[in-house]
A.B. asks: 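Take this structure, written in structure tokens, and hold onto it; I'll ask about it next.
Here is the naming used below: chain letters follow the sequence lines, and residue numbers restart at 1 for every chain. As the structure is a prediction and not an experimental result, all values here were calculated from the model. Excluded from the calculations below are hydrogen atoms, water molecules and symmetry mates; all remaining heavy atoms, backbone and side chain alike, are included.
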Number of protein chains: 2
Amino acid sequence: MFILFSALGVVLVAQHLYFYCHVDNKRSSVVSVDEEPWSPPEILVAVDLVILTLRASAFHVLLIKRGIEPFAGCEALPGGFLNNAGEDILAAALRELREEADLDGTRLHIEQLGAYGAPGRDPRGRVLSIAYLAVAPGLPQPVAGTDASSAEWRPVGHVLSGKVNLAFDHRQIVEDAVERARTKLEHTPLATAFCGEKFTIAELMRVYEAVWDVELDLRNFYRKVQSVPNFIEPVGTDRRPAKGRPARVFRAGSAVTLHPPLVRPESSTGTGEKR
Amino acid sequence: MFILFSALGVVLVAQHLYFYCHVDNKRSSVVSVDEEPWSPPEILVAVDLVILTLRASAFHVLLIKRGIEPFAGCEALPGGFLNNAGEDILAAALRELREEADLDGTRLHIEQLGAYGAPGRDPRGRVLSIAYLAVAPGLPQPVAGTDASSAEWRPVGHVLSGKVNLAFDHRQIVEDAVERARTKLEHTPLATAFCGEKFTIAELMRVYEAVWDVELDLRNFYRKVQSVPNFIEPVGTDRRPAKGRPARVFRAGSAVTLHPPLVRPESSTGTGEKR
DNA sequence: CAAATAGTGTCTGTTAGACACTATGGC
DNA sequence: GCCATAGTGTCTAACAGACACTATTTG
């Protein structure tokens, strides 16, 4: 009697929790959803890229003007669907990076930002988009694009101000990417990815200033940045086209995290309340 | 057992081969993919959950014993496929959280960790998995599981030591989740999610000690934690079952980021050198 | 009272930030 | 020489970490 009631209880609970197949599943007492003889939906998968860079010491993101519906006329992140069912998502991101921005992803910082999959985010149907964050050193041309591209660098501040019409949920994605970059600047050497292979400390500081949107004291930055083990290392000698005294040149060191971190000034995050 | 290990090895090898085959692709389209008259592949989408908690002041993760192939006998993260093409991925994560751990996601911290989509990560076919990180306060029972569940809390240190056989790429996912949690402890109030609604400062410190795997000085922790604006706020009065002097009770404050951050001691992150 | 946990005070060495000052280039 | 940028020295207030000491409970 007791056992009967128990079993009944289990079934009822299971049904309530959508384990409809539980009763049929006699194979084992171990249940997980993968085992159910029910066929899950197949969904379109895309990748989107948030490519960040510094141009003239200002923080920019690459956007593309859409020519067709949906969101024709809006700007959007570069991206596209997976090529085939066997293509790795990172590989797809690297492919798009080359196709739409003519950038070589193997020489860039690129990391996954996250998956955006709200139903209805794409009016054409269910599309799950994996967003990637790429950081490129400042480049001379607008975009050495492959196509007669409508790709353009846009100031991040302007894009986030809401004055730019972004397609899909791309504004949210850009926001998340910028916040990720701002945070990673604090305790990873991500800032070096905005510079070329070699850079001066002043250039590095301009990255922090642009991304965090703050002003820093170069003289204190000097010591701070050089006191973090393996953050940057001096590379040979000076010699730089400059107007003043030539600066020492550095390259990224071996550190993957910064100890101690470079903490960004309070103003930037804007979280705290009273004080 | 031997057979199991062999099969696993084959799968892993196959995974690598598959990956390399698809890294270099030959498509070189000019226009954005959305505009092409070509039909992108549809892919299975799953969610996986890394549920972290403290049990007896030790850091634990919830794992499930798999009863069937692939990876029968291995432990795995709770998770499952999307229910239908219209289900939001976060909703699916919350549903799995309830189904497999009987936890109410609306009262928990839950955030997306990322997408895991290497071709071959699931031997049954192409499956893209969106991993979520959930943090639960310590719970009395092993798991108030819904089914006659094989879900069990495992010490994180033991799981990451490599002695536990995890299915698919779940070991990587757990590693990423733990690193995410460790980092977020530094500059978000995530630690409070490991505690109940109300907690003492000593309890909060035990979260930091367990997750970071360090020892802290409670007396210094006191001042440190109370000096961060809006991190925690005193809630009414004392009264706690205790052996010594009753502690003051706090709850999470309004801060979403900690200024200044609680920087974890160097030892925890590793050397700071590249691997 | 002792044991146990909670919480404060205080000292010391290090650090962040401000900024005076020196260095090295082009003109 | 002047201007511009690079880089160092130094002072001060704040802070982290160590730890002696006080406080409040139970038994």
A.B. asks: Of all the heavy-atom pairs spanning A/L108 and A/V135, show the shortest one and how long it is.
C.D. replies: CG-O, 3.5 Å
A.B. asks: From CG of A/L218 over to P of D/dA4, roughly how many Å is that when rounded to an integer?
C.D. replies: 16 Å
A.B. asks: Nearest whole angstrom, please: distance from the P of D/dT12 to the CG of A/N220.
C.D. replies: 16 Å
A.B. asks: How close or far is atom P of C/dA20 from atom CZ of A/R219, stated in whole angstroms?
C.D. replies: 8 Å
A.B. asks: To the nearest Å, give me how far apart CD (B/E203) and P (C/dG7) are.
C.D. replies: 11 Å
A.B. asks: Charged N to carboxylate O under 4.0 angstrom, A/E75 versus A/R154?
C.D. replies: yes
A.B. asks: Please report whether the ring centroid of B/F231 lies less than 6.0 Å from that of B/F250.
C.D. replies: no
A.B. asks: Check DNA chain C against residues 190-199 of chain B and give the residues with a non-hydrogen atom under 4.0 Å, in numerical order.
C.D. replies: none
A.B. asks: May I have the distance from A/R264 (atom CZ) to C/dG17 (atom P), rounded to whole angstrom?
C.D. replies: 14 Å
A.B. asks: Nearest-Å distance, CG (B/L204) to C1' (C/dG7)?
C.D. replies: 16 Å
A.B. asks: Rounded to whole Å, how long is the line connecting atom CD of A/Q226 with atom P of C/dT15?
C.D. replies: 15 Å
A.B. asks: From the list C/dT5, D/dG7, C/dG9, which nucleotide is the closest neighbour of the side chain of B/R223?
C.D. replies: C/dG9
A.B. asks: Assuming nearest nucleotide by heavy-atom distance, tell me which of B/Y222 and A/D217 is located more 5' along DNA chain C.
C.D. replies: B/Y222
A.B. asks: Just do the ring-ring contact (aromatic ring centres under 6.0 Å, His included) check on A/H187 and A/H259 with the steps written out, would you?
C.D. replies: CA-CA 7 Å; A/H187 40 262; A/H259 283 276; 8.9 Å; no
A.B. asks: Are the charged groups of B/E233 and B/R251 less than 4.0 angstrom apart, N to O?
C.D. replies: yes
A.B. asks: Can we say A/R264 and A/E186 salt-bridge, meaning some charged N sits less than 4.0 Å from an Asp/Glu carboxylate O?
C.D. replies: yes
A.B. asks: So which one's nearest nucleotide on DNA chain D is more toward 5', A/R206 or B/R245?
C.D. replies: A/R206
A.B. asks: Is it the case that the side chains of A/E111 and A/H109 hold a donor-acceptor pair, with the cut-off being a distance below 3.5 Å and no angle test?
C.D. replies: yes
A.B. asks: Starting from P on D/dG17, measure out to CZ on B/F221 and report it in whole angstrom.
C.D. replies: 12 Å
A.B. asks: Does D/dT8 have OP1 or OP2 under 4.0 Å away from a side-chain N or O of A/R248?
C.D. replies: yes
A.B. asks: Please confirm whether the shortest side-chain N or O distance from B/K224 to OP1 or OP2 of D/dA16 is below 4.0 Å.
C.D. replies: yes
